[in-house]
Amino acid sequence: MPASMPASLPIQTERLILRRPEMADAPALHHIASDERVASTTASIPHPYPDDGAQEFIAAIRDNTDRDQLNLVIQIKGSDVIGMAGFRPHEGHVELAYMIGHAHWGHGYATEAAHAIVRHVFANSLHDVILARAMTRNPASEAVIRKLGFRQTGVADVDVPMRGGVFTSSFWRLERADRHDG
Ligand SMILES: CC(C)(COP(=O)(O)OP(=O)(O)OC[C@H]1O[C@@H](n2cnc3c(N)ncnc32)[C@H](O)[C@@H]1OP(=O)(O)O)[C@@H](O)C(=O)NCCC(=O)NCCS
């Protein structure tokens, strides 16, 4: 199913620009992702983070041709790169993904960026459903998902090989029909 249309990028929000990563973003992304406080609630960021992890990640993103996958750098307008947001394919739908550097937590940036991703998916693809999930020990992520209007569909223990254990996680779903602002 078609997803993002490059012509609709970059995305601008009130405070942020969401754009495709460039190799020059590697130091900033490495700084963010190598922080255990960021990695430990994700299913995909290794810790310790490899020295060339950010370069390899950016190269992989740039080679990616899957239209159901998008990874955008989050940059404060005229200022720092503070994280990443996007989506990946999951169970026939797309699933939200985001991280914000620890120094920038608590300012509504994840909510603002993830909201822009939700609008982007519904405006530029035929997907009618967006999924999200979070470890229940990650109440900030659950709060972000809830603020976006997602409906909780369940809670289950999930094996997370990257974290080396089983983590209770909440599952969420947002339907196009639930949105009233596009
Ligand atoms: C989860 C994460 C993206 C949140 O980023 P952020 O920019 O701080 O998020 P926002 O400021 O937009 O919103 C955070 C919300 O969580 C709430 N919150 C924060 N800590 C909380 C806690 N311990 N308990 C309950 N709510 C909490 C905040 O109050 C805020 O809600 P509010 O606006 O209603 O007050 C960030 O902590 C992060 O990158 N974590 C590591 C990576 C990660 O876990 N990614 C998601 C994987 S599912």
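Order of listing sets the numbers, starting from 1, for every ligand and every atom in it. One is the number of the first residue; the rest follow in order along the sequence.
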What is the minimum heavy-atom distance between Gln69 and Asn64, and which atoms define it?
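That would be O-ND2, 3.5 Å.
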Can you see which heavy atom on Asp159 is nearest to which on Gly165, and at what distance?
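Residues Asp159 and Gly165, closest heavy atoms: OD1-O, 3.3 Å.
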Measuring to protein heavy atoms, does anything land under 4.0 Å from [atom]?
atom	answer
atom 28 (C) of ligand 1	no
atom 35 (O) of ligand 1	no
atom 6 (P) of ligand 1	yes

Could you tell me the separation between the CD1 atom of Ile82 and the CE atom of Met99, rounded to the nearest 0.5 Å?
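If we round to the nearest 0.5 Å, Ile82:CD1 and Met99:CE are 10.5 Å apart.
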Under 4.0 Å, heavy-atom basis, I'd like to know which part of [X] is in contact with ligand 1: side chain, backbone, both or neither.
X	result
Val144	side chain
Asn138	side chain
Ser141	both
Glu112	neither
Arg133	backbone

Looking at ligand 1, does any of its N/O atoms fall within less than 3.5 Å of an N/O of [X]?
X	value
Gly106	yes
Gly108	yes
Met99	no
Ala143	no
Tyr98	yes

Test ring pair (Phe, Tyr, Trp, His ring centres under 6.0 Å) applied to His30 and Tyr49, step by step:
CA-CA 8 Å; His30 186 280; Tyr49 196 68; 5.3 Å; yes
Check ligand 1 against Ala110 and write out every atom of the ligand that is under 4.0 Å from a heavy-atom position of the residue.
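This gives 3 (C), 4 (C), 5 (O), 6 (P), 7 (O), 9 (O), 12 (O) as the contact atoms.
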Report, in ascending order of atom number, the atoms of ligand 1 lying under 4.0 Å from any heavy atom of Thr42.
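Listed by number with element: 42 (C), 43 (C).
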With side chain to side chain donor-acceptor pair (under 3.5 Å) as the rule and sequence neighbours excluded, what pairs involving residues 77-92 come up?
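Every side chain to side chain donor-acceptor pair (under 3.5 Å) pair that includes a residue of residues 77-92, provided the two are not neighbours, is Arg88-Glu95.
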Is it true that Arg20 and Asp25 have a side-chain N and a carboxylate O under 4.0 angstrom from each other?
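Salt bridge between Arg20 and Asp25, a charged N being under 4.0 Å from a carboxylate O: no.
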Test side-chain hydrogen bond (donor to acceptor under 3.5 Å, both in side chains) on Glu112 and Thr13 and set out the steps.
CA-CA 7 Å; Glu112 188 169 327; Thr13 68; 2.7 Å; yes
Taking Thr168's backbone N and O only, do any of them form a donor-acceptor pair with Thr136's side chain (distance below 3.5 Å, no angle check)?
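Looks like yes, one N/O pair under 3.5 Å.
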Would you check if Arg15 and Ile76 make a side-chain contact, meaning some heavy-atom pair closer than 4.5 Å?
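Heavy-atom side-chain distance check fails, nothing below 4.5 Å.
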Flag yes if Met84 and Ile17 sit in one hydrophobic cluster, no otherwise; membership is Ile, Leu, Val, Met, Phe, Trp, Tyr, and two members link when side-chain heavy atoms are under 4.5 Å apart.
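Met84 and Ile17: separate clusters.
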